[in-house]
Amino acid sequence: MFVIPFTLLLFITILYYFYQVNKYKVLDDYPGPTPLELIKFMLLPKSTTDTYEFFVSLSKKYGPVVKIWIKPFRPSLLVSDGKFVKNILLSKEHVNKTGYFGLLRTFVGDGLPLMSDISLWRQERKTFSHVFNNQFIIDYISTFKTHAIKLSEAINENLNKPVDLQVLILRHGLNIVYDLLLNEDISKQDDRVNRYMKSLRTFFGVYYDRINSPLKMIDSIFKLTENYKIWTNTSIESKKFIESTLKQVIELKKNNTSGKSDRKDFVDLLLESNLSYDRILENIRTLAVAGSDTVSASSGFALYELAKKPELQEKIYQEYISILGTDKNVCAEFRDIQQMTFTECVIKESLRLYPPVPFIFRALFNSTEIGGKIVPGDIDIIFSIIDSHYSNFDDPAEFKPERFLPENASNIPANAYFPFSLGPRDCIGKIVAIKLSNRNFYLATSSEIIQCIQSMIIKLIYVVKLF
Ligand code: HEM
């Protein structure tokens, strides 16, 4: 009874497969892993490190453009060379995202970094570029300062005791971003924030499990697994966490009873831009994660390198006291942090060696030229930021902040360093940075994010040295 439909289906699938193989024939010239390598990658159990190393090894083995067939009927090219990065990332046309990030939507909401509705994304990108303006960021530097003091107090409490610095820093990053987005200080709300942080960690555990076993990326298969319940519950918890504050904030604004200063905050600016409540909620949910997790990861890695190199700690400390002296009650202001050139190089080098977003994805919109060949429009491109950060630098595994000193920065090839991505869909912080910075920012980095991380590191070193 089933034989005829089954044979028909098999026949159609085979026909379609050959049609696709023929359609993408031009990609045959690009090297890439064998079907056996791919099947092993898809089916064998592995850790996140294995997945990460698999992708990193591909560029090493096959060069700057690698063909990969992970999706059954749609190939991807893994690209790691600045000159290929240019025609796609810098183009106004190829702004559509694809890939692993889409899975995050359940937990982090459908905000700017994940949006696939391109006309809506264009509108909202304009709104957010307007909102993240100079004055807004300068006003909020005082927020960073207050939180840096709180972090140093938390560290002082734990001095000479073993402490999970990453948890402390993530909590600190979340406090800052929450304050920045919702004008709410959550540093005292331990239970609520701990629940959210626990959900965040649990959700990401499941997310990486899905990425490591590509079959679980198919929703209908994933729904049959135990983790589906965890995935749903943690996502509900995260939405509740942001929504409870947002509702209250908007209600107080409507009744004009917020008791806050007249300064316009982030929500005021979004409301003025006529963003609906749902869109504000989705974006704040996303930004809370996009802002805190990345910043905490990069500061964690910078601290890890600094912990191994007392001579770098000393240089940062000397730079700090040359600007601010040794009075522990004095805290760095925006203008002070801008003068801390060496500290900034440490952050940049940490973002090179450990980019918090090592891979980014684009779905090609139209056929385009990559490595001298015209490739069809309906393929995916994976950009390996991490590989570009290694292959374009001497002694790539060495932590050398001096590479980013203004006199050395001209040795870095164009588009080779892009921790915040490049082009129209790059990190929104970078736009702010370019406007903010009266210096000519010589690399694609975001100064206000760097300054936020700096404020934490400076505080940490300051604490370690003075106490
Ligand atoms: C060290 C810290 C950070 C790093 C390394 C980082 C990195 C990135 C990268 C690589 C992208 C682009 C992804 C792509 O091209 O597909 C991105 C996008 C984005 N980032 Fe960041 N980010 C950081 C911090 C932040 C912060 C603090 C915020 C805001 C509070 C933020 C908001 C965004 C937004 C809204 C986008 C999406 C832009 C769009 O799609 O139009 N990021 N970030």
Side-chain angles (χ1 to χ4, degrees), residues 79 85 88-92 94-102 104 108-118 120-129 131-132 136-137 140 143-144 169-170 172-182 266 270 282-302 344 347-363 380-386 388-389 417-433 443-457:
V79 174
V85 162
I88 301 162
L89 279 187
L90 295 184
S91 125
K92 286 194 178 132
H94 304 299
V95 288
N96 219 338
K97 291 202 184 178
T98 174
Y100 297 154
F101 291 162
L104 294 174
V108 307
D110 192 19
L112 215 52
L114 304 177
M115 282 169 71
S116 49
D117 176 341
I118 290 307
L120 188 63
W121 166 78
R122 280 191 211 282
Q123 272 175 33
E124 291 193 1
R125 173 89 194 194
K126 256 196 207 142
T127 305
F128 279 89
S129 308
V131 168
F132 275 93
F136 176 74
I137 292 295
Y140 271 89
T143 306
F144 297 171
I169 295 171
L170 178 59
H172 173 71
L174 197 63
N175 289 349
I176 290 183
V177 170
Y178 209 85
D179 209 340
L180 183 84
L181 301 175
L182 286 158
F266 193 70
L270 293 182
E282 290 302 292
N283 275 296
I284 292 189
R285 284 178 68 197
T286 316
L287 286 174
V289 180
S292 57
D293 201 50
T294 44
V295 170
S296 317
S298 47
S299 8
F301 281 122
E344 189 176 300
I347 309 290
K348 284 180 174 167
E349 176 65 344
S350 158
L351 287 168
R352 180 192 71 79
L353 203 53
Y354 309 104
V357 186
F359 299 99
I360 52 176
F361 306 86
R362 293 290 182 275
D380 295 338
I381 308 287
I382 308 169
F383 290 96
S384 178
I385 298 183
I386 179 85
S388 179
H389 284 187
Y417 176 73
F418 54 113
F420 297 105
S421 183
L422 292 166
R425 273 210 98 156
D426 65 353
C427 182
I428 202 102
K430 194 189 129 206
I431 294 174
V432 182
L443 290 168
T445 51
S446 160
S447 75
E448 97 282 8
I449 293 170
I450 285 177
Q451 278 156 7
C452 166
I453 303 170
Q454 274 175 354
S455 73
M456 297 193 225
I457 291 185

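In each ligand, atom 1 is the first atom listed, and ligand 1 is the first ligand listed.
With a heavy-atom cut-off of 4.0 Å, Pro419 touches ligand 1 through its backbone alone. With a 4.0 Å heavy-atom cut-off, ligand 1 is reached by the side chain of Ile360 but not by its N, CA, C or O. Of the heavy atoms in Leu181, none comes closer than 4.0 Å to ligand 1. Counting heavy atoms under 4.0 Å from ligand 1, residue Arg125 touches it through the side chain alone. Only the side chain of Ser298 comes within 4.0 Å of ligand 1, counting heavy atoms alone; its backbone N, CA, C and O stay farther away.
The shortest separation from a heavy atom of Trp121 to ligand 1 is under 4.0 Å, placing the residue in contact. Distances from ligand 1 to the non-hydrogen atoms of Leu287 include at least one value under 4.0 Å. Residue contacts with ligand 1: Met115 is excluded, as none of its non-hydrogen atoms falls under 4.0 Å.
The contact set between ligand 1 and Pro356, taken as ligand atoms under 4.0 Å from a residue heavy atom, comprises 5 (C). With ligand atoms numbered from 1 in the order given, ligand 1 contributes 38 (C) to contacts under 4.0 Å with heavy atoms of Asp426. Interface of Arg362 with ligand 1, defined as ligand atoms under 4.0 Å from a residue heavy atom, comprises 14 (C), 15 (O), 16 (O).
Considering only heavy atoms from C-beta on, Phe128 comes within 4.5 Å of Leu270 through its side chain. Residues Val295 and Val177 have side chains not in contact (no heavy-atom distance under 4.5 Å, counting atoms from C-beta outward). Side chains of Asp110 and Met115 form a contact here, defined as non-hydrogen atoms less than 4.5 Å apart. Considering only heavy atoms from C-beta on, Lys97 stays 4.5 Å or farther from Leu114 through its side chain. Put simply, the side chain of Phe383 reaches to within 4.5 Å of the side chain of Ile88, judged on heavy atoms. The closest side-chain heavy-atom distance from Asp293 to Pro356 is not below 4.5 Å.
Of the residues Asp426, Val357, Ile385, Leu351, the one that meets the side chain to side chain contact (heavy atoms under 4.5 Å, CB included) test with Phe420 is Leu351.
For ligand 1, one of its N or O atoms has an N or O atom of Lys97 under 3.5 Å away.
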Check step by step if side chain to side chain contact (heavy atoms under 4.5 Å, CB included) holds for Phe266 and Leu180. CA-CA 7 Å; Phe266 193 70; Leu180 183 84; 5.9 Å; no
